[in-house]
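These notes are about the structure you will find just below.
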Number of protein chains: 2
Amino acid sequence: MLSIGDLSRRTGVKVPTIRYYEQMGLIEAAERSEGNQRRYERDDLERLAFIRHARDLGLDIPAIRELIALSQHPSEPCADADRIAADHLAAVREKIQRLKKLEQELERIVSHCDGGHSIEECYVIRALSDHRLCEGEH
Amino acid sequence: MLSIGDLSRRTGVKVPTIRYYEQMGLIEAAERSEGNQRRYERDDLERLAFIRHARDLGLDIPAIRELIALSQHPSEPCADADRIAADHLAAVREKIQRLKKLEQELERIVSHCDGGHSIEECYVIRALSDHRLCEGEH
DNA sequence: GATAAATGCTCTAGTTACTAGAGCTTCAAG
DNA sequence: CTTGAAGCTCTAGTAACTAGAGCATTTATC
């Protein structure tokens, strides 16, 4: 039997976050001690580690909820689980592409400015004021 | 004299967002018509375009506030403006690095699964359940 | 000049995934 | 048996908007 603090230490998920996940329905409401404190078992530890891992990979709560539901039907085909992961991968790739464009634009703006002159002539400010100074679209 | 809708159309910033920026102090409270509607001029158009552009580049509101304040002292040195942009560039680069790690891990997980078997054997679910199946740290 | 549609106003609340804090209770160690 | 750590619930705050209610004004048409 683990207290919420034990569970927290073992999974790296903060105590209030565990309670939040319970509220969101990602983990079942734990049994309680006589004094109304949450008590957990090995199963909960595994479930929470699963959630933690999925969150670290950037999956959002609805996606995790769905994966948990799927994992409770071991004999069903796994196409849905695969799709969730693949969709997320696509989203991550898109985000990277968008950020790379930003990186380029910022790089260009920053490289025109060495911080050694006045605001009036500052390329950073000028570039922000005038979109025409940009190369790509964003 | 432009209405808030005119301003919105010309800058691509939605009407409620313009009001929000006013509330946040990014643009000055506009003059009002007799019937209490906001009326804007060319200056406001430029200011809002500046904000829009900075937001598109991913700068947050405190940073934009600071840039606006700086831009109002044209003869000061521009080191601060340069620093804001450079810091943001660094943050963007970090985010890209983090996402690339995620991309790799997800790629690996997804590539092990073709959606054609059962949840029980599904690599997506197994990988999430067991962090030891991962290659990098995340 | 009347009327109706479009636009504008303010205010409140919702979004995501937590985090912080208040005020109180329970647990574990000595 | 005391005391300090840990736990409990509940509310509110974060970032940058977005949605909607309920009402007022403006503009175009007749």
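- Listed pair B:Thr17 / D:dT18 meets the phosphate criterion, a side-chain N or O lying under 4.0 Å from OP1 or OP2.
- Rounded to an integer number of Å, the gap from A:Leu26 CG to C:dT16 P is 13 Å.
- Using a 4.0 Å cut-off, no side-chain N or O of B:Lys14 falls inside it from OP1 or OP2 of D:dC17.
- Counted within 6.0 Å of CD on A:Glu121, heavy atoms from surrounding residues, nucleotides or ligands total more than 12; the atom is thus considered enclosed.
- Contact check for B:Arg126 versus B:His112: no side-chain heavy atoms found under the 4.5 Å cut-off.
- At least one side-chain heavy atom of B:Ile61 sits under 4.5 Å from a side-chain heavy atom of B:Tyr20.
- If you take CZ of A:Arg39 and P of C:dA28, they are 6 Å apart, rounded to a whole angstrom.
- For the pair B:Arg65 and D:dA16, the criterion of a side-chain N or O lying under 4.0 Å from OP1 or OP2 is not met.
- Considering only side-chain atoms of B:Pro62, the nucleotide from C:dC18, D:dT18, D:dA16 that sits closest is D:dA16.
- Following rounding to the nearest Å, B:Leu48 (CG) and D:dC17 (P) show an atom-to-atom distance of 11 Å.
- Using a 4.0 Å cut-off, no side-chain N or O of A:Arg32 falls inside it from OP1 or OP2 of C:dT25.
- Distance CG (A:Leu7) to P (D:dC8): 11 Å, rounded to an integer number of Å.
- Note on the helix from C:dG1-D:dC30 to C:dG30-D:dC1: terminal axis deviation equals 0°, with five pairs used at each end and the result rounded to 10°.
- Between D:dA16 and B:Tyr21, no contact under 4.0 Å exists linking OP1 or OP2 to a side-chain N or O.
- Between B:Gln23 atom CD and C:dT12 atom P there is a gap of 11 Å when expressed in whole angstrom units.
- For the pair A:Leu2 CG and D:dG7 P, the interatomic distance rounds to 11 Å; values are reported in whole Å.
- Surrounding CZ of A:Arg42 are at most 12 heavy atoms belonging to other residues, nucleotides or ligands under 6.0 Å away.
- A sub-4.0 Å separation between OP1 or OP2 of D:dG7 and a side-chain N or O of A:Ser3 is present.
- Using a 4.0 Å heavy-atom cutoff across all strands shown, B:Arg9 reaches no nucleic acid atom at all.
- Summary of the strand contacts: A:Ile61 and A:Asn36 both lie near DNA chain C, and taking for each the nucleotide with the nearest heavy atom, the more 5' one is attributed to A:Ile61.
- Listed nucleotides: D:dG7, C:dA17, D:dA16. Nearest to the side chain of A:Val15: D:dG7.
- Using a 4.0 Å heavy-atom distance criterion, B:Arg19 is classed as a base contact.
- For B:Glu34 and C:dC9, the CD to P distance is 15 Å, given to the nearest whole Å.
- Looking at B:Glu66 and B:Arg83, a side-chain N of the basic residue comes within less than 4.0 Å of a carboxylate O on the acidic one, giving a salt bridge.
- Using a cut-off of 4.0 Å between Lys/Arg side-chain N and Asp/Glu carboxylate O, B:Glu103 and B:Lys100 are scored as not salt-bridged.
- For the pairing with B:Ser8, the side chain to side chain contact (heavy atoms under 4.5 Å, CB included) check across B:Thr17, B:Leu48, B:Val15 returns one residue only, B:Val15.
- Within a 6.0 Å sphere centred on CD of A:Glu28, other residues, nucleotides and ligands contribute 12 heavy atoms or fewer.
- Between B:Ser33 and A:Gln37, the residue whose closest nucleotide on DNA chain D is further toward the 5' end is A:Gln37.
- Nucleic acid contact for A:Arg38: sugar-phosphate only, since backbone atoms but no base atoms lie under 4.0 Å from a heavy atom of the residue.
- A:Met24 has its CE atom 14 Å from the P atom of C:dT19, to the nearest Å.
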